[in-house]
Q: 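Okay, here's the structure, questions in a sec.
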Amino acid sequence: MAQAAQLPIISHYTAYKPRPFTREERDKVTILYGGLTWKHERLMQGAMHNLKYNAEPLPNIAREDLDAGKELIDVGACCPTIFTTGSLVNFLKKEVQEHGKDEVNRKYVYLTAGACGPCRFGQYHESYAMALDGLGLRDFRLFLLAQDELDQGPGNGGGLDINMPMSLGIIWSILCGDLVTDLEYLTRPYEVNPGQTELVLRECVEQMYDVFLRRPDRGKKYKTLAWHLMSNYFTNALRDVRKKWEEIEVDHLRVKAKVKITGEFWLQTHEGEGNYNIKRWLEQEDSEVIPPPVAVWLHYLLHPTIRKLEHRNSKSKHPKAENLALHALERIYRGTYNRFRKALANLPHELPDQEELKRLAEPFYHFELRGGEGHMLIGKALHSYHHKTAHMICELSPYSCMPNTMSIGSMANVVGKYPDLLYAPIEVKGDAEVHALSRCQMILTEAKKRAQAEFEGVMDKTGLSVERIRKYEEQHPETRKATYFVPHRRYAGTATNYVMHLAYDKGLARA
Ligand code: SF4
């Protein structure tokens, strides 16, 4: 009898599913997270410590993380996916070397934001799972935090309860992280004593960490929401930050090119080797950087739903009521951000109006083309151009990112229509620093010339001299404090707006 052909053993694909993380394990397990700046991450740590979680951010991204990520995941992945996966991989490798696989699987879980949609952000966790397979750490636990639900309840095993206090703590820490970051970038280029901003910033972040750590317990549901929205707890803490910030002496007469950073979410937010440290590099090149707040992204997430309800037939039984509720939610969100800004003397930038971003982008990029930052990149560039808030736009685009490629294509159309818009699209793939920075420098040279010409034009127009301004500053020492508010007088440069302000608001032009 002929022998039956031996069938190959097929091992079917099984999707990664984390083991449960139980309530009883909570004291012994550390939640790892990352992806924002050290300031945001430290404040988030305060919010999680407050809820009795052990939580630790991953070390800041380093160049080696790119190589570690490339070794283990899809080679066509976008550079933020490769960097963030590599960062987790390198951390786990080191821990495994020191403590062994079983201990690492027991001791840590990784929490990351999840989403769905056309960009790879919806598949980050797949890349992480692939890397865990490659490391032989399939038992390592990885959990997703949905971006659109405040109360997701206790997850698999109940060890991680993504409830209102947790979500609000994380969102509030992101807002406060944004605001102190804005203060930092507004101040550092003008500090008189080098390094003072960094020192005060670190003190303030520690102070705010403590504020999140000691956040009072106001229950698990709507009571805690009401408290977060109405209490003075956070505004008082930010007022203390403002007092500390006052210690920093600045010289607002330094002429700097103002550069607005836009781009892909992770790349624009990151501060470090993942984007060639471009924000610090720009400061060294005599610029003032406008960093992108994460709050704009959260605001954007609120908006598409509003627009969907406006433009489409909704499945909701009460679409009008829902629409009104969403508009109210949006107003509350902006109101909260503005309340925090006010506590910081209104120094941090206002959030742009999402309707205006959409309207500005409309002729070039349809708002329903989702993925990445969608139409916002076009909207932000034009917003800055029309409102004269920056001399140039530096857009950080990851290598192998589909949404960003589309946005850069549309920007060619925008620049054709507004040829004087200074726009530097910088492709970042992690290992071509010189090329990227030299590209940026070409546009920056033009931006610097504009900043200087604008300043000289205003000195002529007002008839003021540097000596006259210095004399005024001696008599009004508050003008040398980092908390001195320089209003926007329709010029991009800080020094130019400062001169206009002294000339016309303080009457120096007539004196
Ligand atoms: S926006 Fe681009 S870079 Fe960012 S996750 Fe999506 S595909 Fe990757």
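Quantities reported herein were computed from a predicted structural model and do not represent experimental measurements. Order of listing sets the numbers, starting from 1, for every ligand and every atom in it.
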Q: At less than 4.0 angstrom from any non-hydrogen atom of P398, what atoms of ligand 1 do you find?
A: 3 (S)

Q: Judged by modelled atom types alone, do E271 and T181 share a side-chain donor-acceptor pair under 3.5 Å?
A: no

Q: To the nearest 0.5 angstrom, please state how far the CG atom of D139 sits from the NZ atom of K101.
A: 10.5 Å

Q: May I ask you to list the atoms of ligand 1 that are less than 4.0 angstrom from any heavy atom of C78?
A: 3 (S), 5 (S), 7 (S), 8 (Fe)

Q: Any ring-ring contact (aromatic ring centres under 6.0 Å, His included) pairs touching residues 52-83, not counting sequence neighbours?
A: F83-W266

Q: Just jot down the ligand 1 atoms closer than 4.0 angstrom to any heavy atom of G372, in number order.
A: 1 (S)

Q: Test of understanding: with side chain to side chain contact (heavy atoms under 4.5 Å, CB included), list the residues that count as partners of A325, not counting sequence neighbours.
A: none

Q: Do you see an N/O/S atom of C401, backbone or side chain, under 2.8 Å from atom 2 (Fe) of ligand 1?
A: yes

Q: Are Y418 and Y385 an aromatic pair by the rule of ring centers under 6.0 Å?
A: yes

Q: Just jot down the ligand 1 atoms closer than 4.0 angstrom to any heavy atom of E264, in number order.
A: 1 (S), 3 (S), 4 (Fe), 5 (S)

Q: Under 4.0 Å from any heavy atom of P80, which atoms of ligand 1 are there?
A: 3 (S)

